Each structure stands twice: as structure tokens, then as C-alpha cells.
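Some notes on the structure that comes next.
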Amino acid sequence: MSVNSIGFIGTGAISEAMVRGLLAAPAYASEIYVSPRSADVAAKLTRDFASVRIANDNQGVVDASDIVFLAVRPQIAEGVIRQLSFKEGQLVISVIAATDRETLLEWTSGSVQLVQAIPLPFVAERQGVTALYPPDKGVAALFDTLGTAVQCESRKEYDLLAAASAMMSTYFGVMQFTTTWLEKSGLENAKALAYVAPLFASLAQTANKPGVVSFGSLSREFATKGGLNEQVLANFEKNGGRDALTAALDGVLARIEGRGH
Ligand SMILES: NC(=O)c1ccc[n+]([C@@H]2O[C@H](COP(=O)([O-])OP(=O)(O)OC[C@H]3O[C@@H](n4cnc5c(N)ncnc54)[C@H](OP(=O)(O)O)[C@@H]3O)[C@@H](O)[C@H]2O)c1
């Protein structure tokens, strides 16, 4: 266990995942305070963990906690954060998307130690990779407990990883396109799911092994010269697959950097 108390302003999906990861044995915090909104999630957490308490209000979370997570939606963040009065130098970790450091510091009056992070739902099983900015050893240790932390030296690095995190839906989309094609071609749905999920799981595990320095070399390793894998990749590229992905990442980065939608 590394810290006494951690608080969450906003008890939604990502806060629930972080609380579950932080309190998995051995617990990382002795007490966790959550805000009373989203009463069902808050109540579920207090049922599952003796060390979770529901604060009376958002200020109650800040007052009771050494570290405060900001985890509300961007649209309401300003109204929520401006009402809070933080302790001098308090560690505040914002996971709020599309809200930059300068803006958050202005809303928090600038007296806090602010770190931004992009946790992913897998933190609930302590398997997530979390980008954080600016680099901070303590916050990196917290997210290393929830999987692995990647510390970004610049806002550019952080924004680039935020763009990469937007690949999650497309990953499952590729699985769905494959499954739909199998079904349309005559395979029953259950068999398609039973085949595609372990296939992608094995590939992801292979990519995540220590010592892998390039996914390109894995791609070549899995493509026999003149074979089926080589054919699919060549077709994907020829028909604009790579270009579509590159354009999608460029577009999402522009949105993250506030240059467009
Ligand atoms: N989900 C992810 O995988 C993920 C990953 C990284 C970052 N994020 C970011 O994390 C933030 C939260 O995302 P989420 O997916 O957890 O959203 P969510 O499930 O909608 O959770 C937001 C929570 O904020 C609560 N809330 C609303 N008004 C509030 C107030 N005035 N004071 C305190 N809490 C209030 C909501 O309560 P009610 O339900 O009662 O309205 C809800 O529990 C977003 O900025 C998102 O971009 C999410």
C-alpha cells in the first residue's frame, strides 16, 4: 500500500475501473472517497470494498483525500472544478479528455500539483497502459500498479498517445468486420466468435512480449512469401486501408489539439 486516501470527483465508468484496480489485493490505498453522484456505482463500490466511502459532496472528497482524481465529463468540468477548493500543493490527477493543462490549472487556481492521465478500462484488472503528463514518479508508480505507466515529456507526446488510444473501437471493429464476413459466407456466429477472439488475443499477446522492437517485423514474420497473410495485407494497403487509418489518426490528433473535429 502506498497512499492513505484517494478521492474521485465523478464516480462513473473510468472511476469505477480505477477504484477496483486500486483496491485489488494488495490494495494501493487505505481509503477511497467517491462523490455521491451516480449513486448506483458509488453504492456498488461501498458494497464491494469496506475502504470505499461516499463523501457528502465534491468538496468533501477533496478535503478527505491526499490525491484527488478529476473524472467528470469535459462538458461539465469547468462548473464542477471551479467550485472546489484544493489544499495547497495537493496532487490532482485529471483524466478528463480534451481539456488541457493550462485550462485545468486556471480552473483549480494553479495551487495544485496537476498531472493528466489517460487510464483505460483495463485498469480494473491491473492490466491497463496509462499515458501521463507531465512525468511524475509517484503518479507513474500508481499507474504501474494498475498495469503500466508511460510518462510523456511533452504535451505533444501525450496528445499522440491520446490519439493512439482512439484505436480501441477500430480494433474491435476489425474483429467485427471479420466476423460479419465469416457469417455472410456461411459460418455460424458462435463459431466465428469462438475463432476470431482467441486469434486476436494470441496476436496481441505476441506483440506485447518483451523484446519486440517492431510490429512491422512481426507482420512480416506472420506473412509467408506468396501466402494468404501476405495477400490480405497487400490488398488492405492497395485498397486504402493504411491511408484510411493514417487519415483517421491525423483527424483525431487535430481534434485533440483543438484544430478541428
Ligand atoms: N471511460 C473511459 O474509458 C475513459 C478513459 C479515460 C478518460 N475518460 C474520461 O473520464 C471522464 C469520465 O468518463 P466516464 O466514462 O467515467 O464517464 P461517466 O461514466 O459518464 O462518468 C461521469 C460521472 O460524473 C458524474 N457527475 C456528473 N455531474 C457531476 C458533478 N456535478 N459532480 C460530481 N460528479 C458528477 C456522473 O454522475 P451521474 O451519472 O449521476 O450523472 C458520472 O458518474 C471523461 O472526461 C472521460 O473523457 C474516460
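We number each residue from 1, following the sequence as shown. Owing to the predicted nature of the structure, the values given are computational and were not obtained by experimental measurement.
- I118 places none of its side-chain heavy atoms less than 4.5 Å from the side chain of V95.
- Judged by distance alone, with hydrogens and angles left aside, the side-chain atoms of S30 form a donor-acceptor pair with the main-chain N or O of N4 at under 3.5 Å.
- Within the 4.5 Å cutoff, no side-chain heavy atoms of F69 are placed close to those of I9.
- Using a distance-only test at 3.5 Å, with no hydrogens or angles considered, no donor-acceptor pair links the side chain of T148 to the main chain of D144.
- A salt bridge links D159 to R155: one of the charged nitrogens lies within less than 4.0 Å of a carboxylate oxygen.
- Proximity of a side-chain donor or acceptor of T46 to a complementary backbone N or O of V52 within less than 3.5 Å is not detected.
- Residues E221 and S217 have side chains that never bring a donor and an acceptor to within less than 3.5 angstrom of each other.
- Ion pairing between E106 and R82 holds under the 4.0 Å rule for side-chain N and carboxylate O.
- Within the 3.5 Å criterion, the main-chain N or O of E153 finds a donor-acceptor partner in the side chain of E157.
- In this structure, R73 places its CZ atom where only 12 or fewer heavy-atom neighbours from other residues, nucleotides or ligands lie under 6.0 Å away.
- In this structure, F200 and Y171 have perpendicular ring planes: the angle between them is above 60°, well past the 30° mark.
- Using a 4.0 Å cut-off between a side-chain N of Lys or Arg and a carboxylate O of Asp or Glu, E125 and R20 do not qualify as a salt bridge.
- Salt-bridge check for D63 with K87: failed, with every basic side-chain N at 4.0 Å or more from each acidic carboxylate O.
- Looking at heavy atoms from C-beta onward, V92 lies in side-chain contact with F86 at the 4.5 angstrom threshold.
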